[in-house]
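Here the structure is laid out as C-alpha cells; the discussion comes afterwards.
Note that the numbering runs from 1 along the sequence shown for the chain.
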Amino acid sequence: MTKNSFFNEQKEQSLIKARIVEKYFWAWAKVIISKVKGSSSVQKIAYVDLFAGAGRYKDGSKSTPVKVLETAIADPDMRNMLVSIFNDADVENVNYLQQAIDSIPGIENLKYRPQISKYEVGEDIVKTFQSMKLVPTLFFVDPWGYKGLSLQLVNSVVKDWGCDCIFFFNYNRINMGLNNDAVKEHINALFGQVGADQLRKRLKTFTLTPQERELTVVEYICEALKEMGGKYVLPFRFRHEMGNRTSHHLIFVSKHPKGYEIMKEIMAKESSEQTQGVPSFEYNPATLQQPLLFELTSPLDQLESMLLDNFSGKTMTMAEIYDQHHPGKPYIKKNYKTALSNLESQGKITVHSPEDKKRRKGTFADDLKVTFPVKQ
C-alpha cells in the first residue's frame with residue numbers, strides 16, 4: 001500500500017485510532033481549561049499534528065484533524081482558546097486538508113484560525129519546540145513510517161506543563177529497520193543512540209520468539225521515553241485483520257498521572273476484549289486471545305494476590321491503593337473496586353467506612369479504608 005492510497009478508505013483500525021485521539025483531546029482540554037481559566041494569564045491551549053494527512057479519506061470519512069476541530073467548535077471554551085497547528089510535507093495532502101477544514105460547519109467560530117504548513121519534520125522543528133515555552137499542548141505524531149519521529153521530538157513538547165503526546169509506533173517497519181544500515185540514523189533518533197545500540201545487541205544475543213521480540217522493542221521505546229522525562233507511558237496495540245500479528249502501536253506519553261488515568265480509561269473502552277473485566281489494551285479484529293505487553297497479562301484474580309502482597313499490614317483508602325498501584329498495569333479503577341470487594345467477601349481484608357458516611361450496599365467508594373493483614 002502506498003502512502004497516498006492510505007487515504008482512499010478509512011480502515012477500522014484508523015477509526016479506532018482517531019476515536020482514541022478525539023476522546024482524549026476532549027477530556028484533556030476540559031481538564032486543562034479548568035486550570036488555565038483560573039490561574040493563567042495565557043488563555044490558550046494547543047493541538048499540534050505534524051503528519052496531519054488529507055483531513056478526509058477518499059470515501060468521505062473524517063480523519064483526526066477534522067474530528068478534533070469539530071470537537072473544539074462544539075465547546076464554547078475550546079472555541080475561544082484552541083490554537084491548532086497542522087503540518088504535512090505532502091503538498092497534495094496540505095491542499096486537501098485546507099479544503100476539508102474550510103468545509104467544517106462553524107469553522108469560522110474558532111477564535112484562532114487553524115494554521116496549516118508543509119514542512120519536512122526534522123531537527124529544525126525539534127529545535128523550535130525546544131526553544132519555546134509551550135502553552136498546554138496535545139501533540140499527535142502519526143508518521144507514515146518512522147522518519148521524523150524521535151525521542152527529542154516527543155520530549156521537546158512534553159517538557160512543558162500540560163503537554164501530552166500521542167504517537168504512532170509502526171512496529172513492523174521499525175523491527176525491520178533495526179538492522180538496516182540505510183535507516184540507522186532514523187532508528188538511532190527514535191530510540192536514542194545508546195538505547196538503539198543496546199536494543200540491537202539484545203536482539204542479536206538472545207533467541208527470542210516473535211512475541212518476546214515485540215515486547216523487547218516496545219519496552220525499550222517506553223523506557224527511553226521515561227528516561228527523557230515522560231513519566232507515564234501507555235501503549236495500545238493494533239492487530240492486523242486476521243489477528244495473527246501486530247500492525248502497530250499507539251503510544252501515549254505524559255508527565256502527569258491524571259492524563260495517564262484518563263487515557264487508560266479511554267483505551268480500556270476501545271479494547272476489543274476483556275478478561276474478568278480487565279481490558280486487553282489492544283484492538284484485534286479477529287478478537288483472538290493474545291498475551292499483552294508489559295504486565296498486561298494478569299487477570300483480576302492475580303490483582304487480588306498482588307494487592308495482598310504489596311500492601312501487607314497497611315491501612316489505606318481505595319483511592320490511595322489505586323493511585324499507588326495502577327501505573328504500568330492494565331487495571332482500571334473499577335477493577336480495583338471489584339478486586340477489593342472480592343477480598344472483603346472472602347474475609348481477607350477489613351473495610352471501614354468514614355464515620356460520617358453510610359456505605360451503600362454493593363459499592364466500594366474511593367474513601368473507604370482498607371486494612372490488609374500482615375503477610376505470614
Item to complete: Answer yes if the side chains of H325 and N310 hold a donor-acceptor pair under 3.5 Å, and no otherwise.
Response: yes
Worksheet item: side chain to side chain contact (heavy atoms under 4.5 Å, CB included) between E261 and Y322: does it pass, once the steps are laid out?
Response: CA-CA 10 Å; E261 180 181 3; Y322 168 73; 3.1 Å; yes
Practice prompt. Begin with the C-alpha distance, continue with both residues' side-chain angles, and end with the deciding distance and a verdict on side chain to side chain contact (heavy atoms under 4.5 Å, CB included) for V48 and V157.
Written response: CA-CA 10 Å; V48 176; V157 174; over 6 Å; no
Practice prompt. Answer yes or no: is there a side-chain heavy-atom contact under 4.5 Å between W28 and I262?
Written response: no
Worksheet item: Roughly how far, to the nearest 0.5 Å, is NZ of K133 from SG of C163?
Response: 8.5 Å
Discussion item. Using every non-hydrogen atom in the two residues, find where K329 and K264 come nearest and quote the distance to one decimal.
Written reply: O-NZ, 2.5 Å
Fill in: Polar contact flag, side-chain donor to acceptor under 3.5 angstrom, H249-E214
yes
Item to complete: Could you check if a side-chain atom of D49 sits within less than 4.5 angstrom of a side-chain atom of V141, using non-hydrogen atoms only?
Response: no
Worksheet item: Hey, does V83 have a side-chain heavy atom less than 4.5 Å from the side chain of I45?
Response: no
Item to complete: Write out all pairs satisfying ring-ring contact (aromatic ring centres under 6.0 Å, His included) with one or both partners inside residues 185-208, taking only residues at least two apart or from two chains.
Response: none
Worksheet item: In Å and rounded to the nearest 0.5 Å, what is the OG1 to CD distance from T216 to Q198?
Response: 13.0 Å
Fill in: Note, E320 side chain near F311 side chain (heavy atom, < 4.5 Å)
no
Worksheet item: Once the angle between the rings of Y232 and Y260 is folded into 0 to 90°, is it parallel (under 30°), tilted (30 to 60°) or perpendicular (over 60°)?
Response: tilted
Worksheet item: Can you name the residues that form a side chain to side chain contact (heavy atoms under 4.5 Å, CB included) with V154, not counting sequence neighbours?
Response: L149, V158, C165, F167, L225, V253
Discussion item. A quick test of your reading: do over 12 heavy atoms of other residues, nucleotides or ligands sit less than 6.0 Å from CD of Q276?
Written reply: yes
Worksheet item: Is it true that a side-chain atom of S312 and a backbone atom of D309 form a donor plus acceptor pair closer than 3.5 Å?
Response: no
Discussion item. How close do P299 and V278 get, counting heavy atoms only, and between which atoms?
Written reply: C-CG2, 4.1 Å
Worksheet entry | I104 versus I73, closest heavy-atom pair with distance | CG2-CD1, 3.6 Å
Item to complete: Say whether V121 and Y119 are linked into one hydrophobic cluster, either directly or through other cluster members, by side-chain heavy-atom distances under 4.5 angstrom.
Response: yes
Item to complete: State whether the side chain of S280 and the backbone N or O of E273 hold a donor-acceptor pair below 3.5 Å, judged by distance alone.
Response: yes
Worksheet item: Rounded to the nearest 0.5 Å, how far apart are CG of L308 and CD1 of I349?
Response: 7.5 Å
Worksheet entry | Residues D197 and R200 bridged, charged N to O under 4.0 Å | yes
Worksheet item: Among Y47, F252, F129, whose ring-ring contact (aromatic ring centres under 6.0 Å, His included) with F139 holds?
Response: F129
Discussion item. Counting the benzene-type ring for Trp, do F238 and F236 have ring centres under 6.0 Å apart?
Written reply: yes
Discussion item. Applying side chain to side chain contact (heavy atoms under 4.5 Å, CB included) to F372 and L307, what does each step give before you reach the verdict?
Written reply: CA-CA 9 Å; F372 293 90; L307 294 177; 4.1 Å; yes
Discussion item. Under the rule for side chain to side chain contact (heavy atoms under 4.5 Å, CB included), what residues qualify as partners of T371, not counting sequence neighbours?
Written reply: T315, T350, H352
Worksheet item: Is there a side-chain contact between N155 and S150, using heavy atoms and a 4.5 Å cut-off?
Response: no
Worksheet item: Any side-chain heavy atom of V21 within less than 4.5 Å of one from K67?
Response: no
Worksheet item: Do H326 and Y336 have side-chain heavy atoms sitting under 4.5 Å apart?
Response: yes
Pairs of donor and acceptor atoms involving the side chains of residues 111-118, under 3.5 Å and at least two apart or interchain, shall be tabulated with distances.
unit_1	atom_1	unit_2	atom_2	d
R113	NH2	D102	OD1	2.9
S117	OG	N87	OD1	2.9

Worksheet item: Can I166 and I251 be said to form a side chain to side chain contact (heavy atoms under 4.5 Å, CB included), step by step?
Response: CA-CA 6 Å; I166 306 168; I251 298 181; over 6 Å; no
Worksheet, complete the sentence: With sequence neighbours left out, the residues meeting salt bridge (charged side-chain N to carboxylate O under 4.0 Å, His left out) with E270 are R19, K23
Practice prompt. Calculate, to the nearest 0.5 Å, the distance between atoms CG and CG belonging to L69 and L82 respectively.
Written response: 7.0 Å
Discussion item. Quick check: do L215 and Q211 have side-chain heavy atoms less than 4.5 Å from each other?
Written reply: no
Discussion item. Take a 6.0 Å sphere around CD of E123 and say whether it holds more than 12 heavy atoms from other residues, nucleotides or ligands.
Written reply: no
Discussion item. The criterion is salt bridge (charged side-chain N to carboxylate O under 4.0 Å, His left out); which residues satisfy it with K314, sequence neighbours excluded?
Written reply: none
Discussion item. With a 4.5 Å cut-off on side-chain heavy-atom distances among I, L, V, M, F, W and Y, is there a chain of contacts connecting V217 to F168?
Written reply: no
Worksheet item: Among all residues two or more places apart in sequence or in another chain, which pass the side chain to side chain contact (heavy atoms under 4.5 Å, CB included) test with S341?
Response: F364
Worksheet item: Would you find a donor on one side and an acceptor on the other, under 3.5 Å apart, between the side chain of E212 and the backbone of T209?
Response: yes
Worksheet, complete the sentence: salt bridge (Lys or Arg N to Asp or Glu O under 4.0 Å) pairs touching residues 155-182, sequence neighbours excluded, are none
Fill in: For V135 against A46, the heavy-atom pair lying closest together
CG2-CB, 3.8 Å
Discussion item. Looking at every heavy atom in both G177 and V183, which two are closest together, and how far apart are they?
Written reply: O-CG2, 3.5 Å
Item to complete: With rounding to the nearest 0.5 Å, note down the distance linking CD in E282 to OG in S272.
Response: 5.5 Å
Discussion item. Going by salt bridge (Lys or Arg N to Asp or Glu O under 4.0 Å), name the pairs with one or both residues in residues 76-87, residues two or more places apart or in two chains.
Written reply: K37-D77
Worksheet entry | In one Ile/Leu/Val/Met/Phe/Trp/Tyr side-chain cluster, 4.5 Å: F51, I174 | yes
Worksheet item: Are V68 and Y96 connected in the hydrophobic side-chain network, where two residues link if heavy atoms are under 4.5 Å apart?
Response: no
Response to the item:
Hits for salt bridge (charged side-chain N to carboxylate O under 4.0 Å, His left out) against E70, two or more places apart or cross-chain, chain-then-number order -> K62
Discussion item. Please give me the minimum heavy-atom distance between Q152 and A189, naming the atom from each residue.
Written reply: OE1-O, 3.7 Å
Item to complete: Can you run down the salt bridge (Lys or Arg N to Asp or Glu O under 4.0 Å) pairs that involve residues 362-374, sequence neighbours left out, and say none if there aren't any?
Response: K333-D366, K337-D366, K357-D367
Discussion item. Donor-acceptor pair, distance only, cut-off 3.5 Å: does the side chain of E120 make one with the backbone of A89?
Written reply: no
Discussion item. Please determine whether residues F86 and V94 belong to a single hydrophobic cluster, defined as Ile, Leu, Val, Met, Phe, Trp and Tyr linked transitively by side-chain heavy-atom distances below 4.5 Å.
Written reply: yes
Response to the item:
Sequence neighbours excluded, the answer for salt bridge (charged side-chain N to carboxylate O under 4.0 Å, His left out) partners of E344 is R359
Worksheet item: From T363 OG1 over to L368 CG, what is the distance, rounded to the nearest 0.5 angstrom?
Response: 6.5 Å
